[in-house]
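Encoded as structure tokens, the structure appears first; notes follow it.
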Amino acid sequence: MTTSKEILEIFADGACSGNPGVGGYGSILKYGEETREIYGYDLHTTNNRMEMMGVIEALRLLKKPCKIRIVTDSNYVVKGMTQWLPGWLKRNWVNSQKKPVLNRDLWEILLDLSEPHEIEWIWVRGHAGHKENERCDELAKKGIKAGMEQSGK
């Protein structure tokens, strides 16, 4: 495993108030001693879409190819990127149940944003005391709150 001084770490989480409902995402980007936090929301979305958006919005901030470790509590994102994607592409975005892949629009964006980088995908158990994952959860909830305020809910 590469040390954190040589690698950009991205921690990401998503949440939804109702599923579907108002959703939020939160991400932390860490490189050495530098840290940046981001969050955002969508007024009508799902938890899985927000999990993906946490990673997408972090990757959108990058200006050049780099080595990245992405840490998330979303099995959906990790398995999608490391196990399911090759089959989806081979079957033209049809899953193993012969149905169209859900969230294809975001998978395509995530795939495109991932291309120039060397990425290690790591799953962590959510709500289990992982410091950065807990902070991302707080940021995602902050996103939900901002979305609810914006929509008057």
Side-chain angles (χ1 to χ4, degrees), residues 1-16 19-20 23-42 45-144 146-147:
M1 190 176 274
T2 315
T3 65
S4 58
K5 287 191 183 202
E6 300 167 344
I7 197 163
L8 169 66
E9 294 180 295
I10 295 175
F11 304 89
D13 196 19
C16 233
N19 197 18
Y25 65 84
S27 305
I28 302 169
L29 295 88
K30 282 178 112 176
Y31 187 77
E33 298 300 312
E34 292 184 55
T35 300
R36 180 169 179 188
E37 295 183 346
I38 61 170
Y39 70 92
Y41 64 87
D42 190 321
T45 190
T46 65
N47 190 61
N48 281 340
R49 288 183 70 82
M50 288 295 91
E51 296 281 4
M52 295 175 77
M53 287 304 297
V55 177
I56 287 169
E57 293 303 332
L59 288 173
R60 280 187 171 146
L61 296 173
L62 306 182
K63 306 275 189 260
K64 62 183 181 183
C66 49
K67 290 183 179 182
I68 306 170
R69 179 179 302 125
I70 296 177
V71 180
T72 176
D73 63 8
S74 173
N75 260 317
Y76 181 68
V77 171
V78 172
K79 286 184 177 180
M81 290 302 290
T82 62
Q83 296 174 27
W84 304 333
L85 202 55
W88 293 342
L89 293 173
K90 203 180 295 180
R91 292 185 300 270
N92 196 27
W93 293 100
V94 172
N95 66 24
S96 59
Q97 287 82 45
K98 300 190 181 1
K99 294 181 179 169
V101 171
L102 293 176
N103 304 312
R104 175 180 172 177
D105 59 331
L106 295 184
W107 286 116
E108 288 178 330
I109 293 167
L110 190 49
L111 181 61
D112 187 51
L113 290 171
S114 299
E115 287 284 319
H117 308 289
E118 183 181 319
I119 300 178
E120 176 185 12
W121 296 89
I122 297 179
W123 176 82
V124 295
R125 184 174 303 284
H127 311 287
H130 185 282
K131 185 176 112 180
E132 291 87 357
N133 182 255
E134 296 291 341
R135 178 62 184 148
C136 287
D137 185 61
E138 291 172 9
L139 291 168
K141 288 177 181 167
K142 193 173 178 179
I144 290 172

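Predicted, not measured: the structure shown is a model, and the values here were computed from it. In this chain, residues are counted from 1 in sequence order.
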Task: Thr45 and Tyr25, any side-chain heavy atoms less than 4.5 Å apart - done: no
Task: Separation of Met53 CE from Leu59 CG (nearest 0.5 Å) - done: 11.0 Å
Task: Reported CG-to-CZ distance for the pair Asn75 and Arg125, which is rounded to 0.5 angstrom - done: 9.0 Å
- [ ] Identify whether the distance between the nearest side-chain nitrogen and carboxylate oxygen of Glu138 and Lys141 falls below 4.0 Å.
- [x] no
Open item on the list: So if I apply the side chain to side chain contact (heavy atoms under 4.5 Å, CB included) rule between Leu85 and each of Leu111, Val101, Leu110, which one comes out positive?
Closed with: Leu111
Task: Interatomic spacing from OG1 in Thr82 to CH2 in Trp123 - rounded to 0.5 Å - done: 13.0 Å
Open item on the list: So, using ring pair (Phe, Tyr, Trp, His ring centres under 6.0 Å) as the criterion, who are the partners of Tyr39 when residues are at least two apart?
Closed with: none
- [ ] Start with the C-alpha distance between Met52 and Asn103, add both sets of side-chain angles, then the distance that settles side chain to side chain contact (heavy atoms under 4.5 Å, CB included), and finish with yes or no.
- [x] CA-CA 9 Å; Met52 295 175 77; Asn103 304 312; 4.0 Å; yes
TODO: Among Lys131, Arg69, Lys30, find the residue that satisfies the salt bridge (charged side-chain N to carboxylate O under 4.0 Å, His left out) test when tested with Glu9.
DONE: Arg69
TODO: Could you check if a side-chain atom of Asp105 sits within less than 4.5 angstrom of a side-chain atom of Arg49, using non-hydrogen atoms only?
DONE: yes
Open item on the list: Donor-acceptor pair, distance only, cut-off 3.5 Å: does the side chain of Ser27 make one with the backbone of Gly54?
Closed with: yes
TODO: In sequence, state the C-alpha distance, the side-chain angles, and the governing distance for Val124 and Phe11, and then conclude on side chain to side chain contact (heavy atoms under 4.5 Å, CB included).
DONE: CA-CA 10 Å; Val124 295; Phe11 304 89; over 6 Å; no
Open item on the list: side chain to side chain contact (heavy atoms under 4.5 Å, CB included), that's the test. Do Leu62 and Leu29 meet it? Break it down for me.
Closed with: CA-CA 10 Å; Leu62 306 182; Leu29 295 88; 4.1 Å; yes
Task: Heavy-atom donor-acceptor pair, Glu134 side chain to Ala128 backbone, under 3.5 Å - done: yes
TODO: To the nearest 0.5 Å, tell me how far His130 NE2 sits from Asp73 CG.
DONE: 10.0 Å
Open item on the list: Measuring only between side-chain heavy atoms, which start at C-beta, is Arg91 closer than 4.5 Å to Ser96?
Closed with: yes
Task: Interatomic spacing from NE2 in His117 to CD1 in Ile10 - rounded to 0.5 Å - done: 7.5 Å
Task: Atom CZ of Arg104: over 12 foreign heavy atoms under 6.0 Å - done: yes
- [ ] Take Asp13 and Glu51 through the side chain to side chain contact (heavy atoms under 4.5 Å, CB included) test and state the conclusion after the steps.
- [x] CA-CA 5 Å; Asp13 196 19; Glu51 296 281 4; 3.2 Å; yes
Task: Reported CD-to-OG1 distance for the pair Glu132 and Thr72, which is rounded to 0.5 angstrom - done: 13.0 Å
Open item on the list: Taking ring pair (Phe, Tyr, Trp, His ring centres under 6.0 Å) as the definition, give me every residue that meets it alongside Trp88, ordered by chain and number, with sequence neighbours left out.
Closed with: Trp84, Trp107
